[in-house]
Amino acid sequence: MTDRFPVVVLLSGRGSNMRVIADQALRGALPVEIRAVISDKPDAGGLAIARELGIVTETLAPKSFPNREAFDAALAERVDSYAPKLVILAGYMRILSSAFVRRFLGRLINIHPSLLPNYPGLHTHRRVLEGGDTRHGATVHFVTEELDAGPAILQGRVAVLAGDTEATLSARVQRAEHIIYPRSVAWLAENRVVMRNGQTWLDGKPTSDAPIIDVE
Ligand code: GRF
């Protein structure tokens, strides 16, 4: 037990965002303690990374439960057993039930690979390329019951370059993610950011537009 801000991370995939948050936390650059990393996928790369870093991991298999509500109720119990002040979705690929979202409202955040409100949903890089956009990025936001529509905390913006493919664009967006996610978590841990009346408040003021960082 430490007096650092306790968090739990949920993920389904490779876990690069979890890794940057964990690295910064372990070297004392981020005032948080990752109490557990929980996955719905036993083979998620992020679980292996967490284990290597000495972080407690758990897997909860959706197929062991009759429906989403039952799975999410069990997941919520597991999350709560670590008494986190923040639940960080880092590539968690299941849609959360309303009951789960309501239970953690204001302490549940996600990172989405687009400049929301543009491109909610899947395949954002492909859609950005098809749309001919010149700017793209990622958004950290509070999770609310409407998918990818909760109030934004911080955005990272990148250029879309001539010749970009989904792979090159996604790599550039991930560089932005690795900057904005730890920074957002720091703001929450330091109590500089809260969600109030459905809005993000930063340093005591409601933000109508989230701050944007331009990333090379
Ligand atoms: C990120 O692109 C994030 O925007 C999305 O899922 C991906 C997770 O990547 N929600 P990683 O597993 O953290 O590398």
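Numbering of residues begins at 1 and proceeds along the displayed sequence. Counting starts at 1 for both ligands and their atoms, in listed order. These numbers come from the heavy atoms of this one structure, side chains and all, not from hydrogens, waters or symmetry mates.
- For ligand 1, the protein residues placed under 4.0 Å by at least one non-hydrogen atom are Arg14, Gly15, Ser16, Asn17, Gly91, Ile111, His112, Pro113, Gln174, Glu177.
- Side chain to side chain, Thr168 and Asp164 meet the donor-acceptor criterion of an N or O pair below 3.5 Å.
- Under the 4.5 Å side-chain heavy-atom criterion for ILVMFWY residues, a single connected hydrophobic cluster contains both Leu105 and Val8.
- Taking the side chain as every heavy atom from C-beta outward, Thr139 and Tyr119 never approach each other to under 4.5 Å.
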Report the C-alpha distance between His112 and His141 in whole Å, list the side-chain angles of each, state the deciding distance to 0.1 Å, and finish with yes or no for side-chain hydrogen bond (donor to acceptor under 3.5 Å, both in side chains).
CA-CA 8 Å; His112 179 79; His141 64 95; 5.6 Å; no
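- Here Glu77 pairs with Arg103 in a salt bridge; the nearest charged N to carboxylate O distance falls below 4.0 Å.
- The cationic atom of Arg94 (NZ for Lys, CZ for Arg) does not lie both less than 6.0 Å from the six-membered ring centre of Phe100 and within 45° of the ring axis.
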